[in-house]
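These notes concern the structure reproduced below.
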Amino acid sequence: MFGLADCNNFYVSCERVFNPSLDGIPVVVLSNNDGCVISRSQEAKKLGISMGEPLFKIKELVRRENIRVFSSNFALYADMSSRVMDTISALVPSAEIYSIDEAFLNLEGISAHELSSLAKKITGKVRKDTGIPLSLGISHTKTLAKVASKLCKKYPRLNNNCIMVKNGDIEKVLGKFPVGDVWGIGRQYSAMLESNGVTNTLDFTKRNPTWVRAKMNITGLKTWRELNGDPCFGVEENIPDKQQICTSRSFAKDVYDHEEVVRAVAKFTSSCAQKLRQQNGVVGKIIIFFYTNPFRENVTKDYRSIVIPLDLPSDNTLELVKITCRSVIPYLKQGCGYKKAGVIFSSISRKEQTPGVLFDSRDREKSDRLMKCLDSVNSRYGRETLITATQGPEKILYNMGHLSPKYTTNWDDIIKVVL
DNA sequence: TCTGGGGTCCTAGGACCC
DNA sequence: TCTGGGGTCCTAGGACCC
C-alpha cells in the first residue's frame with residue numbers, strides 16, 4: 001500500500017501558521033520577483049484566481065476583494081517543510097520526500113483495518129505539531145494514491161483522509177476523474193487522449209496497452225499500469241545527487257548596464273557552487289543564459305545560452321565565477337535590456353570519484369580549505385556574508401515587496417514576533 | 001509598469017567504435 | 001542486382017513534475 005501526503009495550499013498555510021488573522025480570508029503567495037500567483041487559499045481559489053496567474057492581471061480584483069498578497073518566503077517554507085516531513089517520517093515504515101510539500105509513504109506491513117486509524121493519526125499530528133493542514137490519500141500504487149489525495153481536497157467531508165482500495169470504489173472514482181489531472185499526464189498527452197476519445201481516467205485504463213505504449217512511450221505505459229493497480233514505482237528513500245544545479249532570476253527592470261548582468265552571473269554561479277559542494281560534487285560543464293523581456297515589443301531582443309565545457313572539473317567558487325563572468329562579457333549586446341539570467345551546472349560528478357588530471361597545477365587542498373571556510377562563514381553569519389568581489393554590492397533589484405518575516409530561521413525576526 | 005524557478009526521464013539521431 | 005553487423009556515447013528536444 002502507498003500513501004501520498006500533500007500539504008494543503010502549502011505556502012499560504014505556512015503564512016497562516018504565524019499570522020492567524022489570515023484565516024478565512026483570501027490569501028495568495030507570489031513567485032520570485034512578485035510575478036505570478038503560486039499558492040492560493042481556498043477563498044482565493046473561489047474568487048477565480050488560477051495557478052500561475054500574473055499579479056498585474058488581477059490587481060483590480062486584489063484591491064476590490066482585499067486579497068492579502070505575499071512574496072515568496074522560501075526560508076520559511078523550507079523550514080516548515082522539514083518539520084512536516086520529520087513528523088510524517090516518524091509515523092510510517094519509510095517515506096520519500098517528493099517535493100517541498102509532498103511525501104510518498106511506504107505503508108508495507110500495515111493491515112487493512114489499521115490504515116484508517118494511521119491516516120487519521122498522521123494528518124492529526126501534523127496539524128497539531130506544525131499547524132499545517134495535510135491531505136492523505138492511500139491506495140495500491142503511487143499514481144492511485146495521488147488520485148486519492150486529490151479527492152480529499154475536493155470533498156471536505158473526507159476530513160483530509162481518503163483510503164481508496166476496493167475495486168468498485170476505484171472504478172467509480174476514475175470514471176469521474178479527468179485524465180489530465182492524473183500524475184504523469186500533462187497538457188500535451190491529455191489533448192492527444194481527448195482527441196482519441198479518452199476523457200475520463202477510466203476510459204484510459206480500458207485502452208489497449210500496446211496503443212498506450214505507441215502513443216505515450218514507456219512512461220505513459222507505466223502510468224496506465226499504475227492506474228490499473230500494478231505498481232511500477234517504489235518509495236525511494238535515498239535522495240539521489242542532483243544531475244543539474246540551476247540558479248536563475250528575473251530582474252525587476254530591464255537591465256541595460258551590462259556590468260550588472262555580470263554581477264548577477266557571479267551571484268548565480270556562487271549559489272550553484274555552494275549547492276554543488278553540499279552534495280560533494282564537481283561540475284564539468286556550465287551553461288549560462290540570459291534574455292531580454294520576451295513579452296515586450298518594440299525593443300531589441302536577445303536570447304543567448306553559452307555552453308562552457310571545463311577542462312578541469314571544479315567546485316571552487318572563485319575559479320568558477322572567474323570563468324562564467326569572463327565567458328558572458330563578449331556576448332552581451334549593446335542596447336539590450338536584459339530581463340532574466342541564469343547559470344546551470346551540468347555534467348556533475350562526485351568529487352571523490354573524479355579522476356585526477358595530469359596537467360592540473362591547482363592546489364586542491366588549499367582550495368578545499370578555502371571553500372570550507374567560505375561555507376562555514378556563510379552558514380553561520382548568513383547566506384551572503386562572504387562574497388566574491390566580482391559579485392560586488394548588489395544593485396539589481398528584485399521585486400519582493402510583500403515579504404513576511406523569517407519567523408523560524410532568522411533571530412531578529414523571531415525576537416520581533418515573540419515580543 | 002507588471003508574466004517564476006527549480007528539476008526529471010525518455011527518445012531519436014548523429015558520431016563514433018571494432 | 002549489388003552496399004555488414006553489431007555496438008556505445010552524447011546531445012537536443014519533448015514530455016512531464018512541483
Side-chain angles (χ1 to χ4, degrees), chain A residues 4-7 9-11 28-39 49-60 62 69-74 77-78 81 96-104 142-143 146 149-150 179-193 213-223 226 232-233 236 239-254 264 268 271-272 275 279 284-285 287 289 291-299 305 307 309 337 339-348 397-402:
Chain A
L4 178 76
D6 189 341
C7 301
N9 317 331
F10 183 55
Y11 300 161
V28 298
V29 174
L30 304 174
S31 60
N32 254 309
N33 209 34
D34 288 351
C36 301
V37 172
I38 54 171
S39 180
I49 299 173
S50 47
M51 189 69 176
E53 185 96 11
L55 177 63
F56 77 92
K57 287 190 179 167
I58 55 165
K59 269 269 157 77
E60 180 48 33
V62 167
V69 172
F70 288 87
S71 301
S72 39
N73 186 344
F74 281 109
Y77 310 150
S81 171
E96 169 189 344
I97 298 171
Y98 178 64
S99 76
I100 194 161
D101 70 335
E102 273 178 65
F104 283 107
K142 278 181 156 184
T143 308
K146 273 260 194 191
S149 88
K150 287 202 180 182
V179 74
D181 289 353
V182 171
W183 183 48
I185 299 180
R187 281 235 292 274
Q188 305 297 321
Y189 283 144
S190 79
M192 182 280 292
L193 288 169
R213 165 75 231 230
K215 291 280 191 182
M216 300 168 73
N217 295 324
I218 190 74
T219 15
L221 183 61
K222 282 184 180 171
T223 299
E226 284 244 322
C232 299
F233 308 113
E236 311 288 335
I239 307 152
D241 288 343
K242 294 207 185 330
Q243 300 171 36
Q244 237 176 227
I245 293 172
C246 172
T247 307
S248 76
R249 289 287 177 279
S250 298
F251 309 134
K253 291 182 178 152
D254 297 350
F268 303 154
S271 153
C272 287
K275 297 178 201 166
Q279 64 173 50
K285 188 169 85 176
I287 299 134
F289 64 89
Y291 49 85
T292 51
N293 192 335
F295 296 102
R296 243 170 101 167
E297 290 171 15
N298 310 323
V299 291
S305 87
V307 181
K339 179 64 180 167
K340 179 168 174 169
V343 171
I344 303 169
F345 282 9
S346 187
S347 301
I348 292 170
L397 293 175
Y398 304 91
N399 291 317
M400 290 291 267
H402 309 278

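A quick note: this is a predicted structure, and the numbers were derived from the prediction, not measured. Only heavy atoms go into these numbers, but all of them, side chains included; no hydrogens, no water, no symmetry mates. Convention: sequence-line order gives letters A, B, ...; per-chain numbering from 1.
In plain terms, the two heavy atoms of A:Ile287 and A:Ser346 that are nearest each other are CD1-CB, 4.1 Å. Residues A:Phe74 and A:Ile38 share a closest heavy-atom pair of CZ-CD1, 4.5 Å. Shortest non-hydrogen contact noted between A:Trp183 and A:Thr223 is O-CG2, 3.7 Å. Here the shortest heavy-atom pairing between A:Leu30 and A:His402 reads CD1-CD2, 4.2 Å.
Sequence order on DNA chain B of the closest nucleotides to A:Asn399 and A:Lys340 puts A:Asn399 first from the 5' end.
Comparing C:dC18, B:dG7, C:dA15 by their nearest atom to the side chain of A:Tyr189 picks out C:dA15. Here B:dT3 is the nucleotide among B:dT3, B:dG7, B:dG5 with the atom lying nearest to any side-chain atom of A:Phe56. Comparing C:dC18, B:dC2, B:dT3 against the side chain of A:Cys36 picks out B:dT3 as the nearest. Distance from the side chain of A:Asn33 is smallest for B:dT3 among the nucleotides B:dG6, C:dC18, B:dT3. For A:Asn293, counting side-chain heavy atoms from C-beta on, the closest listed nucleotide (C:dC17, B:dG6, B:dT3) is B:dT3. Closest to the side chain of A:Tyr98, from the set B:dT3, C:dA15, C:dC18, is C:dC18.
Among the atoms of the strands shown, none is found under 4.0 Å from any heavy atom of A:Leu30. No engagement by A:Lys59 is indicated, since no non-hydrogen atom pair under 4.0 Å with the nucleic acid exists. A:Val307 comes within 4.0 angstrom of no nucleic acid atom, judged by non-hydrogen atoms across all strands. Residue contacts for A:Asp34: at a heavy-atom cut-off of 4.0 Å it reaches no nucleic acid atom on any strand shown. Among the atoms of the strands shown, none is found under 4.0 Å from any heavy atom of A:Ile100.
The phosphate of B:dG5 has neither OP1 nor OP2 within less than 4.0 Å of any side-chain N or O from A:Lys275. At the phosphate of B:dG5, OP1 or OP2 sits under 4.0 Å from a side-chain N or O atom of A:Ser250. Between A:Ser72 and B:dG5 there is no side-chain polar atom (N or O) within less than 4.0 angstrom of OP1 or OP2. At the phosphate of B:dG6, OP1 or OP2 sits under 4.0 Å from a side-chain N or O atom of A:Arg249.
Here B:dG4 presents its P atom at 13 Å from CZ of A:Phe74, a figure rounded to the nearest Å. Look at CZ on A:Phe268: it is 14 Å from P on B:dG4, rounded to the nearest Å. A:Tyr398 has its OH atom 16 Å from the P atom of B:dC2, to the nearest Å. Atom-to-atom, CG of A:Asn32 to P of B:dG6 comes out at 7 Å; the value is rounded to the nearest Å. Nucleotide B:dG6 holds its C1' atom 14 Å from the CD atom of A:Gln279, rounded to whole Å. Here B:dT3 presents its P atom at 12 Å from CZ of A:Phe251, a figure rounded to the nearest Å. Remark: C1' of C:dA15 and CE of A:Met216 are 10 Å apart, rounded to the nearest angstrom. At whole-Å resolution of the value, CE in A:Met192 and P in C:dA15 are 10 Å apart.
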Which dot-bracket string describes DNA chain B (Watson-Crick N1-N3 plus N6-O4 or O6-N4, or G-U N1-O2 and O6-N3, all under 3.5 Å; [ ] crossing; | other strand)?
-> ....||||||||||||||
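Ring geometry, A:Tyr291 versus A:Phe289: the interplanar angle falls under 30°, so the pair is classed parallel (tilted spans 30 to 60°).
Within the model, atoms CD of A:Glu236 and NZ of A:Lys142 stand 6.0 Å from one another, a figure rounded to the nearest 0.5 Å. Rounded to the nearest 0.5 angstrom, A:Lys340 NZ and A:Ser250 OG are separated by 4.5 Å. Atom-to-atom distance recorded for A:Tyr98:OH and A:Leu4:CG is 9.0 Å, nearest 0.5 angstrom. Rounded to the nearest 0.5 Å, atoms CD (A:Gln188) and CE (A:Met192) are 10.0 Å apart. Atom CD1 of residue A:Ile239 and atom CD of residue A:Gln279 lie 11.0 Å apart, to the nearest 0.5 angstrom. Note: A:Gln244 CD to A:Ile344 CD1 = 5.5 Å, rounded to the nearest 0.5 Å.
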Kindly give the atom pairs (protein nitrogen or oxygen, nucleotide nitrogen or oxygen) under 3.5 Å for nucleotides 8-14 of chain B.
| from | atom 1 | to | atom 2 | distance (Å) |
| --- | --- | --- | --- | --- |
| B:dT8 | OP1 | A:Gln243 | N | 3.1 |
| B:dC9 | OP2 | A:Gln243 | NE2 | 3.0 |
| B:dT11 | OP1 | A:Arg213 | NH2 | 3.1 |

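Nucleotides C:dC18 and B:dT3 place their P atoms 25 Å apart, quoted to the nearest Å.
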